[in-house]
Q: 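This is the structure I want to talk about, given as structure tokens.
Residue numbers start at 1 and run along the sequence shown. For ligands, and for the atoms within them, numbers begin at 1 and follow the listed sequence.
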Amino acid sequence: MHVKKQVVVIGLGRFGTSVVKELNRLGHEVLGIDSNMERVDAVRDFAAHAVVANATDESELKSLGVRNFEHAIVAIGDDLQASVLCTLMLKEIGVAKIWVKARDLQHQKILEKVGADRVIQPEFEMGVRVAQHVGSEKIVDYIDLSKDYSILEFAATSKIANKSLSELNIRDRYKCIVLAIKRGEEVNIAPVPSDPVRLNDVLIVMGHRDDLKRFEERGL
Ligand code: ATP
């Protein structure tokens, strides 16, 4: 079930603005804050509320009712001091979940110390993702569950197309579990052994990193 959340996004650069737009598209209620009026105006059509304010001023944050938001995303760019101060204030105000964009490892460490629940380094994380996609064009997307376990999305090749899951026997051969099969907009979330795989279906597969690699290299 889709849960509608109230999210405050602070700092409306390219990153913050794209967060606002996607949250809005997903049906969440967004409050966008920036000290720059043009940036605020640019998200007005995409946010339930868009306000010009200084996010390092605690009384301004309080008067905007930020305490009623369950989730905050701080995307203040290079101003390290402002980003740390704002994170601290959100913590003190009592916002339950605080995610913050960092520019580098040092910034990340400070944010973790002051209580950020998640720190994001977009350029770094995207760089890793792009590099991994170069390594395998068969992988559509992935989620790392831990150091060893992941969920990968594989595009079905002609090698496995028009075979059923039981014929492919991915679980026994590769110790990987097919969680779902996506075909266009349709998602089969509880595939059974007799379900066929078609060319270009996307298989969502969970397993140990080494087993997933074996499946990718030999099974696809
Ligand atoms: P990108 O555009 O790639 O996201 P960036 O993270 O460097 O890059 P900036 O373009 O610097 O982002 O945007 C950060 C935003 O945060 C700016 O719009 C800036 O006005 C806003 N900002 C900075 N300090 C404050 C503050 N104290 N209160 C509110 N907004 C702030």
Side-chain angles (χ1 to χ4, degrees), residues 2-135 139-144:
H2 180 69
V3 183
K4 183 177 170 177
K5 290 197 168 173
Q6 292 184 306
V7 189
V8 54
V9 179
I10 299 173
L12 303 170
R14 284 172 302 173
F15 180 80
T17 298
S18 105
V19 171
V20 168
K21 288 184 176 171
E22 186 63 8
L23 286 170
N24 178 65
R25 195 185 70 79
L26 293 169
H28 300 291
E29 186 184 332
V30 186
L31 164 62
I33 298 177
D34 200 293
S35 49
N36 175 328
M37 192 162 73
E38 280 171 24
R39 296 252 161 121
V40 173
D41 284 341
V43 303
R44 269 193 211 290
D45 291 345
F46 307 96
H49 325 273
V51 182
V52 179
N54 177 5
T56 56
D57 184 330
E58 192 165 1
S59 60
E60 278 195 49
L61 287 180
K62 280 188 175 156
S63 70
L64 289 171
V66 165
R67 67 157 62 81
N68 300 319
F69 285 76
E70 53 199 300
H71 199 144
I73 297 173
V74 181
I76 294 175
D78 287 340
D79 190 343
L80 192 139
Q81 193 180 338
S83 123
V84 172
L85 205 56
C86 178
T87 305
L88 254 174
M89 284 172 187
L90 292 169
K91 196 85 194 159
E92 272 174 19
I93 290 173
V95 175
K97 213 177 260 182
I98 306 169
W99 293 2
V100 192
K101 175 184 147 160
R103 65 172 186 207
D104 55 32
L105 190 61
Q106 192 193 19
H107 189 180
Q108 167 154 7
K109 282 186 180 162
I110 298 169
L111 291 170
E112 283 166 354
K113 275 265 182 316
V114 299
D117 299 288
R118 180 171 165 193
V119 180
I120 304 136
Q121 284 189 57
E123 294 84 357
F124 174 77
E125 289 171 22
M126 202 58 204
V128 170
R129 225 160 240 271
V130 167
Q132 295 192 345
H133 275 120
V134 169
I139 299 175
V140 182
D141 207 350
Y142 71 93
I143 301 168
D144 284 331

Q: Can you confirm, on distance only, whether ligand 1 has an N/O atom lying under 3.5 Å from any N/O atom belonging to G11?
A: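 N/O-N/O distance below 3.5 Å does not exist for this pair.
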Q: Can you pull out the closest protein heavy atom to atom 31 (C) of ligand 1? Residue, atom name and distance to 0.1 Å, please.
A: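 Heavy-atom neighbour on the protein nearest atom 31 (C) of ligand 1: S35 OG, 3.4 Å.
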Q: Of the side chain and backbone of L12, name the one, both, or neither that has a heavy atom under 4.0 Å from an atom of ligand 1.
A: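 The answer is the backbone.
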Q: Can you tell which of A55, A42, S83 gets a heavy atom nearest to atom 28 (N) of ligand 1?
A: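 That would be A55.
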Q: A side-chain contact here means heavy atoms from C-beta on lying under 4.5 Å apart; do I10 and L90 qualify?
A: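 Yes, close enough: below the 4.5 Å cut-off.
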Q: Enumerate the atoms of ligand 1 whose separation from the nearest heavy atom of A53 is less than 4.0 angstrom.
A: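 Listed by number with element: 28 (N), 29 (C).
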Q: Has I33 got any heavy atom lying under 4.0 angstrom from an atom of ligand 1?
A: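 Distance cut 4.0 Å: I33 fails for ligand 1.
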Q: Could you say whether the N/O atoms of E123 and ligand 1 ever approach to under 3.5 Å?
A: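 Not met; the criterion fails.
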Q: If you count the atoms of ligand 1 from 1 in the order shown, which ones are under 4.0 Å from a heavy atom of N54?
A: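 So the atoms of ligand 1 that pass are 26 (C), 27 (N), 28 (N).
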Q: Check each heavy atom of R39 against ligand 1 and say whether those closer than 4.0 Å belong to the side chain, the backbone, both or neither.
A: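 Side chain only.
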Q: Which residue and non-hydrogen atom of the protein lie closest to atom 4 (O) of ligand 1, and at what distance in Å?
A: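 Checking every protein heavy atom, the shortest distance to atom 4 (O) of ligand 1 gives F15 N, 2.8 Å.
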Q: Do E92 side-chain atoms and L88 backbone N/O form a donor-acceptor pair below 3.5 Å?
A: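 Looks like no, no N/O pair under 3.5 Å.
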Q: For ligand 1, which is the ligand I care about here, please tell me if N36 has any N or O atom under 3.5 Å from one of the ligand's N or O atoms.
A: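 No, there is no polar N/O contact under 3.5 Å.
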Q: For ligand 1, which part of A75 has a heavy atom less than 4.0 Å away: the side chain, the backbone, both, or neither?
A: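 Backbone only; the side chain of A75 stays clear of ligand 1.
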Q: Among all protein heavy atoms in this structure, tell me which lies nearest to atom 2 (O) of ligand 1, with the distance rounded to 0.1 Å.
A: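 Here the nearest protein heavy atom works out to R14 N, 2.7 Å.
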Q: To which of D34, D79, L85 does the heavy atom nearest atom 19 (C) of ligand 1 belong?
A: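 It is D34 whose heavy atom sits nearest to atom 19 (C) of ligand 1.
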Q: Starting from atom 14 (C) of ligand 1, which protein heavy atom do you reach first, and at what distance in Å?
A: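 Here the closest protein heavy atom is G77 N, 3.3 Å.
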Q: So, is G16 polar-close to ligand 1, with some N/O to N/O distance under 3.5 Å?
A: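 Looking only at distances, the answer is no, because the N/O contact criterion of under 3.5 Å is not met.
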Q: How far is atom 24 (N) of ligand 1 from its nearest protein heavy atom, and which residue and atom is that?
A: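 Checking every protein heavy atom, the shortest distance to atom 24 (N) of ligand 1 gives I76 CG2, 3.6 Å.
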Q: Would you call R25-E22 a salt bridge at under 4.0 Å N-O?
A: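 Salt bridge present between R25 and E22.
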